[in-house]
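Notes follow the structure.
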There are 2 protein chains.
Amino acid sequence: MPSPDGEFSIIDRFFSQGSANGPWFCKGVGDDCAIIDLGTSRIAVTMDMLAVGTHFLPDADPRDIGYKTLAVNLSDLAAAGAVPRAFFLSIGLPDKDEKWLEAFSSGLRELSEASGCALLGGDTVRTPLQNPSATAHSPAVFSVTALGELPPGMGLTRGGARPGDDIWVSGTLGDAYAALKYRWGHWAAAPAAFKLMRRRMERPEPRNALGRLLLPIATAAIDVSDGFEQDLSHILERSHVKAEIEWDSLPRSEALQSLPLEQQQEAALSGGDDYELVFTAPADRRREIFEAGIRSDTLVTRVGRILAESQQGDGALTVYDGHRRAVVLKSAGFDHFA
Amino acid sequence: MPSPDGEFSIIDRFFSQGSANGPWFCKGVGDDCAIIDLGTSRIAVTMDMLAVGTHFLPDADPRDIGYKTLAVNLSDLAAAGAVPRAFFLSIGLPDKDEKWLEAFSSGLRELSEASGCALLGGDTVRTPLQNPSATAHSPAVFSVTALGELPPGMGLTRGGARPGDDIWVSGTLGDAYAALKYRWGHWAAAPAAFKLMRRRMERPEPRNALGRLLLPIATAAIDVSDGFEQDLSHILERSHVKAEIEWDSLPRSEALQSLPLEQQQEAALSGGDDYELVFTAPADRRREIFEAGIRSDTLVTRVGRILAESQQGDGALTVYDGHRRAVVLKSAGFDHFA
């Protein structure tokens, strides 16, 4: 989960201060990760905050909350091509709840161990209400800072896509969003399809193994947290290019394909919470990318291509259907403060 | 602000997993900072979370909140002897409030620029209430991760104090706590004295310049966030030693000395929020420590000595008054979850 631009802009606008100054060479501020050179070593650092009620359903299983709190940060490291090494965790809770914390920690530890990313410190804070009432309570808040390792001189950012590059996506898009719409009662789905999609919402798989293999191949990368169109647009803006996408080639799960086309498009194009990688690479690297997918046991799909910027300005993204008609959506991503 | 042990123990107990594993050599987990070796470079990393209502008065000036949010993290770096380089900031707010954020950022930027610690990223999140009422709102929550630079092989921790070492304190103790007691109406003070002490509560000065100079001299260090006795006890526990302190030598401001003795003792010994350094060093390094104080423009005062552990167990700390009688306090530090 990078800072959605609508959100990061708050920090960016109020706090930007020529951050790349000082003795640590740094790039990628406002990217998924900051990339810092320390002598001969290079690290990627990302920080995210998540709140129950905003990022998690109020009745979510604390094991899943623990897992996902780390997963979204590892996904940011994956987008930089970094290998997860260490993380720090701060928790703000309205009250001490040992049973809840125990479940939270078991989910978090599961991913920490699987990814080799060690907890090195943190903080816990009680967050009592201002003007408390008997029925209201403040949401649990989690903040993670994750540190990953990069080879000297390397690291994927949003800024390197070039005209002619292919656009790729890992895994499938839209499942988490569709599960949420079903859960809210907005959409209908077969119970089995919902169960599959819900699992994707609760337990996203950070693509660190794939990201690491893409380091010498891809020209730009981002993880899909706010929605495919919105996140790809960040690559386009930073790279000063535009793009076209073929709807028919966008990878969708069987479960998502059981929904009406309009819902599929909304979920796959503007739904967030996928934590898949969107990346670009020259057309002559296709074979290496398929091999990276096989080696990391991750589906990789070519979905479009990067075009030179036009008079329309940077960032223009068009999604075409099978009849070369533009797919137009009602909504595009979300912003906690919008 | 390290994780007060009562708090950190929640994370520690639920999440400890042999954290120093993996390819990054690391020490200091549970210390003020984690210390990480990356090739030939060494960094110190600390993470704190602060909440309005818990760490800040509900009507605190947002400029002071911004300043102090960074200051308490820089203080953790100071306790490790690290030079601040970069930080990440996450903010959880019940609502977007641009005026508030602008004031918050101006205080934060002030210290960021003065310390050379650059903002490299972060996140903002809306934290809506669960079961909202019209009058209640969830507290603003801030999480900072700060990274500092250490020379290879160096870094102060809580674990190196040895019998015979002197115990030192920077600045003065107890002012912030006394200001809070006055503000709550528990204690009386002359307005001028309160004003001075309040300034120390609102704008603590992280002791990074002193900490850096102590690196080759001190044997152990911690910053006073939870109270002198409690924080010194962390050094004693980790170093497996005990200590005696002379009350008369503890540095107190003129303002604090205007209060009754019992209040002075409560504030200086158990009051938190001072962000001064407590450190230990061999007796033959006194001259160098005074020089470090002069070079960093920081008062340094010798307040006691480290003793060998006894059958009483580690961590025993006795404060003696001028008649060699033990000073006994009613309270000792605080714990957000206690």
Side-chain angles (χ1 to χ4, degrees), chain A residues 3 7 10-11 14-15 17 19 21-22 24 26 29 34 36 38-41 43 45-51 53-54 58 85-86 88-90 92 96 101-102 105 108-109 112 116 118-133 135-139 141 143 145 336-337, chain B residues 3 7 10-11 14-15 17 19 21-22 24 26 29 34 36 38-41 43 45-51 53-54 58 85-86 88-90 92 96 101-102 105 108-109 112 116 118-133 135-139 141 143 145 336-337:
Chain A
S3 311
E7 303 195 347
I10 295 181
I11 290 188
F14 289 114
F15 304 132
Q17 49 180 343
S19 294
N21 60 6
W24 283 3
C26 173
V29 177
I36 302 174
L38 300 153
T40 53
S41 301
I43 61 172
V45 185
T46 183
M47 183 188 214
D48 281 312
M49 183 178 270
L50 298 96
T54 302
R85 292 294 188 211
F88 294 77
L89 166 72
S90 286
K96 190 173 184 166
L101 278 167
E102 208 143 355
S105 79
L108 183 122
R109 193 185 300 120
S112 167
L119 178 65
L120 295 191
D123 202 6
T124 52
V125 169
R126 201 167 63 87
T127 53
L129 275 192
Q130 310 299 303
N131 308 316
S133 78
T135 55
H137 60 92
S138 52
V141 175
S143 182
T145 300
H336 299 306
F337 281 119
Chain B
S3 312
E7 302 195 347
I10 294 180
I11 290 188
F14 289 116
F15 305 134
Q17 49 180 343
S19 294
N21 60 6
W24 282 4
C26 173
V29 178
I36 302 175
L38 300 153
T40 55
S41 300
I43 61 171
V45 185
T46 183
M47 182 186 214
D48 280 313
M49 182 179 272
L50 297 96
T54 302
R85 293 292 189 212
F88 295 76
L89 168 71
S90 287
K96 190 175 186 167
L101 278 168
E102 209 142 356
S105 78
L108 184 122
R109 194 185 299 120
S112 168
L119 179 64
L120 295 191
D123 201 6
T124 53
V125 170
R126 202 167 64 85
T127 53
L129 274 192
Q130 309 301 303
N131 309 314
S133 78
T135 56
H137 60 92
S138 53
V141 175
S143 183
T145 300
H336 299 304
F337 280 120

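Convention: sequence-line order gives letters A, B, ...; per-chain numbering from 1.
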| task | Run the numbers on A:Ile43 and B:Ile43 for side chain to side chain contact (heavy atoms under 4.5 Å, CB included), then give the verdict. | result | CA-CA 11 Å; A:Ile43 61 172; B:Ile43 61 171; 4.2 Å; yes

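Of the listed residues (B:Val141, B:Val45, B:Thr40), the one with the most heavy-atom contacts under 4.5 Å to chain A is B:Val45.
When all heavy atoms of B:Ser143 and A:Met47 are compared, the pair lying nearest together is O-CE, 3.3 Å. Closest heavy-atom contact between B:Val125 and A:Ala51: CG1-CB, 3.9 Å.
Rounded to the nearest 0.5 angstrom, A:Leu120 CG and B:Thr46 OG1 are separated by 11.5 Å.
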